[in-house]
Undergrad: 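Below is one structure. I have some questions about it.
First the proteins, then the strands, lettered A, B, ... as listed; each starts at 1.
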Number of protein chains: 2
Amino acid sequence: MTETTTPHAVSEKPRRGRPRGAPDASQARRDLIRAGLEHLTEKGYSAVGVDEILKAAKVPKGSFYHHFRSKADFGLALIAAYDSYFAGLLDQAFLDRGRSPLDRLRHFTEMAEAGMARHGFRRGCLVGNLGQEMGALPDDFRQALIGVLTTWQTRTADLFRDAQACGQLSAGLDPDALAQAFWIGWEGAILRAKLELSPAPLRTFTGLFSRLFDGGASP
Amino acid sequence: MTETTTPHAVSEKPRRGRPRGAPDASQARRDLIRAGLEHLTEKGYSAVGVDEILKAAKVPKGSFYHHFRSKADFGLALIAAYDSYFAGLLDQAFLDRGRSPLDRLRHFTEMAEAGMARHGFRRGCLVGNLGQEMGALPDDFRQALIGVLTTWQTRTADLFRDAQACGQLSAGLDPDALAQAFWIGWEGAILRAKLELSPAPLRTFTGLFSRLFDGGASP
DNA sequence: TACTTATTAGACCGTTTCGTCTAATAATTC
DNA sequence: GAATTATTAGACGAAACGGTCTAATAAGTA
């Protein structure tokens with residue numbers, strides 16, 4: 001209580017000693033996240049050990065447990081990082097004013113396929129991977145993963161609404177249901193592409209999904 | 001070479017000592033497979049230890065490594081067991097002569113949903129689970145998993161062909177592509193149902209998938 | 001400079017991992 | 001019964017697991 005009177009406890013001003021850097025300014029932390037994403041998108045959470053990530057990131061264990069409370073905490077950080085990385089991807093595709101709404105979606109799937117091809121179709125979607133492992137994961141993961149998927153779906157539903165406004169998509173289809181179905185199927189396609197090490201499943205799915213637009217029913 | 005002249009080496013007749021029982025007659029082996037399926041459909045391969053399965057099956061370690069060469073060998077046996085279990089399910093739904101082809105498919109998805117509901121949507125599809133973990137699995141798993149999926153797809157494509165013969169499905173749709181898309185999406189739906197602990201994703205997917213039939217385009 | 005805190009560094013710990021090993025028991029044939 | 005092989009039983013081992021610990025170093029403030 002002999003402090004410099006900071007009653008609201010919101011921000012202690014007179015800090016002493018070395019100031020802590022912004023979380024994302026730490027090179028070690030960034031290296032860990034990057035290595036973590038690479039490994040987890042390929043092999044999942046349970047199959048990847050902390051030491052394996054340390055070695056890949058060339059960061060000692062002390063740093064890891066300085067920046068993250070536990071492996072689980074690290075996993076949640078990876079989800080957050082993946083989420084914001086993906087937000088950029090979606091921006092790039094969905095905000096492209098030079099394309100029609102449905103063409104933007106197709107552009108997204110093409111970018112995603114190119115991304116998978118870049119790694120020989122060995123890396124999948126972090127969200128899909130962790131979702132499948134959910135039975136072995138700490139409970140906080142569930143809401144985190146659902147939240148990310150919900151974000152993606154919301155943006156996609158908006159895109160479908162734009163398509164309807166353009167007259168590009170039948171007004172009889174429910175944009176929200178369509179968006180949910182898209183992400184359900186798309187995650188399935190990624191899983192399958194990873195299994196077969198081939199882009200074929202991605203194409204099969206998008207090919208058939210787009211028939212919903214063309215032949216669209218009325219009610 | 002002083003044997004009882006068995007030149008073709010196909011079946012050594014004069015065996016001595018205790019005869020080895022049929023592989024599937026062993027109670028221990030069956031218990032291991034059952035416990036293994038329960039655990040792996042819920043948590044995956046990497047997250048489940050051999051000891052955990054031994055404890056659940058109440059079988060000692062000696063028996064495990066008598067019946068299976070390794071954990072990986074056990075995993076392949078699980079895939080085979082799951083495959084034949086699933087063959088029965090498909091027979092039940094797809095050979096039902098009291099229903100129209102497309103109604104048989106709907107019946108299958110309903111049975112599958114009921115099956116998931118029975119375990120609180122905590123258990124998924126073994127093939128989907130292992131497919132996602134493929135990056136961390138021995139190489140033999142890949143062909144085994146692809147093979148199982150191919151079997152399912154072939155049967156489903158046949159069902160779609162029946163539907164076309166009945167005039168229930170537009171002849172403009174490719175049964176093989178449709179079958180592949182179905183299993184891609186269905187696996188995605190199971191993954192999502194497991195994540196959300198809810199049947200909703202299964203319904204969303206089947207609901208939208210069946211619109212391909214109704215509104216179906218020509219070529 | 002002296003002090004204080006952030007961050008790095010990796011040795012170390014207890015537990016769990018998959019798999020091996022020896023011994024006991026069971027089910028046959030001779 | 002004797003011999004032979006299948007199967008059960010679980011103690012044990014080496015390596016990997018997530019996580020803790022102490023010490024060293026870096027980066028600031030007073």
Undergrad: What pairs with B:Asp103 under salt bridge (Lys or Arg N to Asp or Glu O under 4.0 Å), at least two apart in sequence or on another chain?
TA: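 Expected list: B:Arg99, B:Arg106.
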Undergrad: Figure out the CG/P separation between B:Asp73 and C:dC18, and round it to whole Å.
TA: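 Those two atoms, CG and P, are 14 Å apart.
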Undergrad: Applying salt bridge (Lys or Arg N to Asp or Glu O under 4.0 Å), can you list everything that pairs with B:Asp31, at least two apart in sequence or on another chain?
TA: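 If we apply the salt bridge (Lys or Arg N to Asp or Glu O under 4.0 Å) test to B:Asp31, skipping adjacent residues, the hits are B:Arg34.
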Undergrad: Atom NZ of A:Lys55 and atom C1' of D:dC17: how far apart are they, to the nearest Å?
TA: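 Going from NZ in A:Lys55 over to C1' in D:dC17 covers 16 Å.
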Undergrad: Does anything in residues 136-159 of chain B pair up under ring pair (Phe, Tyr, Trp, His ring centres under 6.0 Å), and if so which pairs, sequence neighbours excluded?
TA: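 Pairs touching residues 136-159 of chain B that pass the test: B:Tyr45-B:Phe141, B:Phe86-B:Trp152, B:Trp152-B:Trp183.
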Undergrad: Hey, where does DNA chain C pair up into stems, meaning at least three consecutive Watson-Crick or G-U pairs with distances under 3.5 Å?
TA: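 Runs of three or more consecutive pairs: C:1-30 with D:1-30.
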Undergrad: Whole angstroms only, please: what is the CD-P distance between B:Glu52 and C:dC18?
TA: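 The answer, rounded to whole Å, is 9 Å.
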Undergrad: Applying salt bridge (Lys or Arg N to Asp or Glu O under 4.0 Å), name anything that partners A:Lys71, two or more places apart in sequence or on another chain.
TA: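 By the salt bridge (Lys or Arg N to Asp or Glu O under 4.0 Å) rule, A:Lys71 matches no residue at all.
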Undergrad: Residues two or more places apart in sequence or in another chain: which of them pass side-chain hydrogen bond (donor to acceptor under 3.5 Å, both in side chains) with B:Arg142?
TA: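 Not a single residue meets the side-chain hydrogen bond (donor to acceptor under 3.5 Å, both in side chains) criterion with B:Arg142.
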Undergrad: Excluding sequence neighbours, so at least two apart, what forms salt bridge (Lys or Arg N to Asp or Glu O under 4.0 Å) with A:Lys61?
TA: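 A:Lys61: salt bridge (Lys or Arg N to Asp or Glu O under 4.0 Å) contacts with A:Asp51.
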Undergrad: Rounded to whole angstrom units, what separation is found between the CZ atom of B:Arg30 and the P atom of D:dT7?
TA: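 Roughly 13 Å, once rounded to whole Å.
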Undergrad: Which protein N or O atoms sit under 3.5 Å from an N or O of nucleotides 8-10 of chain D?
TA:
{"unit_1": "D:dT8", "atom_1": "OP2", "unit_2": "B:Ser63", "atom_2": "OG", "d": "3.2"}
{"unit_1": "D:dT8", "atom_1": "OP2", "unit_2": "B:His67", "atom_2": "NE2", "d": "3.1"}
{"unit_1": "D:dT8", "atom_1": "O5'", "unit_2": "B:Ser63", "atom_2": "OG", "d": "3.3"}
{"unit_1": "D:dG10", "atom_1": "N7", "unit_2": "B:Gly62", "atom_2": "N", "d": "3.3"}

Undergrad: Of B:His119, B:Lys43, B:Arg123, which meets side-chain contact (heavy atoms from CB on, under 4.5 Å) against B:Glu38?
TA: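 So, applying the side-chain contact (heavy atoms from CB on, under 4.5 Å) to B:Glu38 and each of B:His119, B:Lys43, B:Arg123, only B:Arg123 qualifies.
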Undergrad: In whole angstroms, how far is the C1' atom of C:dG19 from the OH atom of B:Tyr65?
TA: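 Those two atoms, OH and C1', are 5 Å apart.
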Undergrad: If you look only at distance, which donor and acceptor atoms sit under 3.5 Å apart when one is on a side chain in residues 185-202 of chain B and the other is two or more places apart or in another chain?
TA:
{"unit_1": "B:Arg192", "atom_1": "NE", "unit_2": "B:Glu196", "atom_2": "OE2", "d": "2.9"}
{"unit_1": "B:Arg192", "atom_1": "NH1", "unit_2": "A:Gln153", "atom_2": "OE1", "d": "2.9"}
{"unit_1": "B:Arg192", "atom_1": "NH2", "unit_2": "A:Gln153", "atom_2": "OE1", "d": "2.4"}
{"unit_1": "B:Arg192", "atom_1": "NH2", "unit_2": "B:Glu196", "atom_2": "OE2", "d": "3.4"}
{"unit_1": "B:Lys194", "atom_1": "NZ", "unit_2": "A:Gln132", "atom_2": "O", "d": "2.7"}
{"unit_1": "B:Lys194", "atom_1": "NZ", "unit_2": "B:Asn129", "atom_2": "OD1", "d": "3.1"}
{"unit_1": "B:Ser198", "atom_1": "OG", "unit_2": "B:Ala200", "atom_2": "N", "d": "2.9"}

Undergrad: Listed in order of residue number, which residues of residues 38-47 of chain B have a non-hydrogen atom at under 4.0 Å from DNA chain C?
TA: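 Within residues 38-47 of chain B, no residue comes under 4.0 Å of DNA chain C.
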Undergrad: Rounded to the nearest angstrom, tell me the gap between atom CZ in B:Phe68 and atom P in D:dT7.
TA: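 The distance from CZ of B:Phe68 to P of D:dT7 comes to 12 Å, rounded to the nearest Å.
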Undergrad: In the structure I gave you, are the side-chain heavy atoms of A:Thr109 and A:Phe182 within less than 4.5 Å of one another anywhere?
TA: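 Yes, their side chains come closer than 4.5 Å.
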Undergrad: Can you list the residues that meet the side-chain hydrogen bond (donor to acceptor under 3.5 Å, both in side chains) rule with A:Asp91, with sequence neighbours excluded?
TA: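 So A:Asp91 forms a side-chain hydrogen bond (donor to acceptor under 3.5 Å, both in side chains) with A:Arg155.
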Undergrad: Just to verify, what does B:Phe68 make a ring pair (Phe, Tyr, Trp, His ring centres under 6.0 Å) with, not counting sequence neighbours?
TA: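 B:Phe64, B:Phe74.
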Undergrad: Report the distance from atom CZ of A:Phe74 to atom C1' of D:dC17, rounded to the nearest whole Å.
TA: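 Answer to the nearest Å: 16 Å.
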Undergrad: How many whole angstroms separate atom CG of B:Leu54 from atom C1' of D:dA11?
TA: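 Whole-Å distance recorded here is 14 Å.
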